[in-house]
Trainee: 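One structure follows; several queries about it will come next.
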Amino acid sequence: MLEGKTIVLGITGGIAAYKAATLCSRLVSHGAQVRVIMTEGATKFISPLTLQTLSRHPVATDTFDEHDASVVQHIDLADAADLVVVAPATANIIAKMAHGLADDMLSTTLLATTAPVLIAPAMNVHMLQHPAVQGNLEVLGSRGISFVESGTGQLACGYVGKGRLAEPDEIVEVIIGMLAGRKPLAGRKVLVTAGGTIERLDPVRYITNDSSGKMGFALAEAARDLGADVTLVCARTDGPPPAGVTVVKTPSAEEMLAAVMERLPDMDAVFKAAAVADYRPAEKRENKMKKGPETMTLELVRNPDILQEIGNWKQANGGARRTPFVVGFAAETTDVERHALDKLARKRCDLLVANDVSQEGAGFGSDTNIVNVYGAEGLVLSLARQPKRLIAEQLWQLISRRAAWAPERSEGAGPL
Ligand code: CTP
């Protein structure tokens, strides 16, 4: 898969540095030429000799160790790279990258390269959550640097939380996707719902909500760029839908239900990002209503719950056929986790993306979002404030790893 590719593997000083040996070995077994750069801190956790043996190349640790007079080493490595991956990436290297520092071999090479850069952060949970680190990650994201999210679990420092280095196989999968041009959603049909439904009272009046459709649009756009054939079923939205996707306009919840259920059997994944009105007027007048007495009472009736209908359909059809991977959204203002887990179980979805719309930078109308993703086992991914488009891409990456149609994980054929 990586035959003919040169990958510069940057290793920084965290306990997860030992996992970089497995990563190096996996990359070599996929045919890549791996050139390792270690920071001084990294060499305290794992010996350069280990990486030299696995990569079959000398390991660079010192900017001034110019053993080959015909080249300037950091420029040579920066130019040779088809991709630079930093795993594990400590808070320190992330800060250096964000600020353009070049005080050792790795940071200097990172500044000099024009190749795509992938970083896999690993650190203590509180360090990862620190606004300085989150701000630096945001800066790197805005420059087009890719990330492999840290995992959640037992950390070496004793805490349980987010901060573990992603598994080497997961990092390899992302590298193959970036270099071999294999798009994780290629050949997949996905349906995304977006916007706020409109529930009409008469030809000129309606009930709706604050949804702008931005998150749904970002999801449709990201799925398109990751190779999917995208159908966007949308209600009222603030802007035009992205190009290159099939748009089905369904103003009301009932129309959206019909459009979704008709297409459901054909889909590999369904993402319900629309804000569907829970109630609609009991009566929809043919003509504009005339004013009458001082007060009026509006009778509302329950709308169908589309996500619930999808969940029910999946349960009824799951044995006989392959059903789509279903993801729901939940905009909450209180008790986010409890409501999210309750909705996940009740509506029978595979994942539920919860956002606390009371937080600044999250929810309706905003260009950014902050989300927690829950599966049957609990919290599976937590994404700090960042543009909705970046969030969307990471959500699809997660789906493409968890869905029944996900490609097999790369086999570990290397010596480790
Ligand atoms: N949803 C739906 N049809 C509805 C209401 C909601 O498909 N009539 C979907 C939304 O698209 C979203 C998920 O259900 O993916 C959660 O929406 P939310 O309004 O938070 O769910 P409710 O069950 O209506 O939540 P609550 O009990 O808080 O009103």
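Order of listing sets the numbers, starting from 1, for every ligand and every atom in it.
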Trainee: Could you check if a side-chain atom of Leu2 sits within less than 4.5 angstrom of a side-chain atom of Leu179, using non-hydrogen atoms only?
Mentor: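 Yes, side chains in contact.
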Trainee: Salt bridge check, Asp266 against Arg263: does any charged N sit closer than 4.0 Å to a carboxylate O?
Mentor: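 Salt bridge absent between Arg263 and Asp266.
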Trainee: For atom 26 (P) of ligand 1, which candidate among His339, Arg346, Lys343, Lys347 holds the nearest heavy atom?
Mentor: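 Nearest option to atom 26 (P) of ligand 1, by heavy atoms: Lys343.
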Trainee: Checking side-chain polar atoms at under 3.5 Å, does Ser252 have a donor or acceptor matched by the opposite partner on Glu255?
Mentor: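 Yes, Glu255 and Ser252 have a side-chain donor paired with an acceptor closer than 3.5 Å.
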Trainee: Are any of the N/O atoms on Ala330, whether in the backbone or the side chain, positioned under 3.5 angstrom from an N/O atom of ligand 1?
Mentor: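 Checking ligand 1 against Ala330, no N or O pair falls under 3.5 Å apart.
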Trainee: With respect to Ala274, determine whether any N or O atom, backbone or side chain, lies less than 3.5 Å from an N or O atom of ligand 1.
Mentor: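 It does: an N or O of Ala274 is found under 3.5 Å from an N or O of ligand 1.
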Trainee: Return yes when at least one protein heavy atom is under 4.0 Å from atom 17 (O) of ligand 1, and no when none is.
Mentor: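 Protein heavy atoms within 4.0 Å of atom 17 (O) of ligand 1 - there is at least one.
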Trainee: Which atoms from ligand 1 have a heavy atom of Val276 less than 4.0 Å away?
Mentor: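 Going through ligand 1 atom by atom, the ones under 4.0 Å from Val276 are 2 (C), 3 (N), 4 (C), 5 (C), 7 (O), 8 (N), 11 (O).
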Trainee: In terms of atom number and element, which parts of ligand 1 are under 4.0 angstrom from non-hydrogen atoms of Pro304?
Mentor: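 Near Pro304, the atoms of ligand 1 are 3 (N), 4 (C), 8 (N).
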Trainee: May I ask you to decide if the ring planes of Trp396 and Phe271 are parallel, tilted or perpendicular, using 30° and 60° as cut-offs?
Mentor: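 Plane angle over 60°, so perpendicular.
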Trainee: Of all the atoms in ligand 1, which lie at a distance below 4.0 Å from a heavy atom belonging to Asp278?
Mentor: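 Answer, ordered by atom number: 5 (C), 8 (N), 24 (O), 29 (O).
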Trainee: If you have a sec, work out which protein heavy atom is nearest atom 12 (C) of ligand 1 and how many Å separate them, to one decimal?
Mentor: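 For atom 12 (C) of ligand 1, the nearest protein heavy atom is Phe329 O, 2.9 Å.
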Trainee: Provide the number and element of each atom of ligand 1 under 4.0 Å from a heavy atom of Leu307.
Mentor: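 Matching atoms, with element in brackets: 2 (C), 7 (O), 9 (C), 13 (C), 14 (O), 15 (O).
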Trainee: Going by the atom numbers of ligand 1, which of them fall below 4.0 Å from some non-hydrogen atom of Gly328?
Mentor: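 Atoms satisfying the 4.0 Å criterion: 15 (O).
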Trainee: Should Ile306 be counted as touching ligand 1, given the test is an N or O pair under 3.5 Å?
Mentor: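 By distance alone, the answer is yes.
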Trainee: Do Arg389 and Asp225 meet the salt-bridge criterion of a basic N to acidic O distance under 4.0 Å?
Mentor: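 Salt bridge flag = yes for Arg389 with Asp225.
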Trainee: Check Lys5 with Glu3, please: is the shortest side-chain N to carboxylate O separation under 4.0 Å?
Mentor: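 The answer is no: the pair does not qualify as a salt bridge.
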Trainee: Would you find a donor on one side and an acceptor on the other, under 3.5 Å apart, between the side chain of Thr61 and the backbone of Met38?
Mentor: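 No: the side chain of Thr61 does not pair with the backbone of Met38.
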Trainee: Checking a contact table here: which protein heavy atom is nearest atom 15 (O) of ligand 1, and how many Å away?
Mentor: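 Going by distance alone, atom 15 (O) of ligand 1 is nearest to Lys272 O, 2.7 Å.
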Trainee: Do Asn355 and Glu332 come close enough that some side-chain heavy atom pair is under 4.5 Å?
Mentor: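 No. Closest side-chain heavy atoms not under 4.5 Å.
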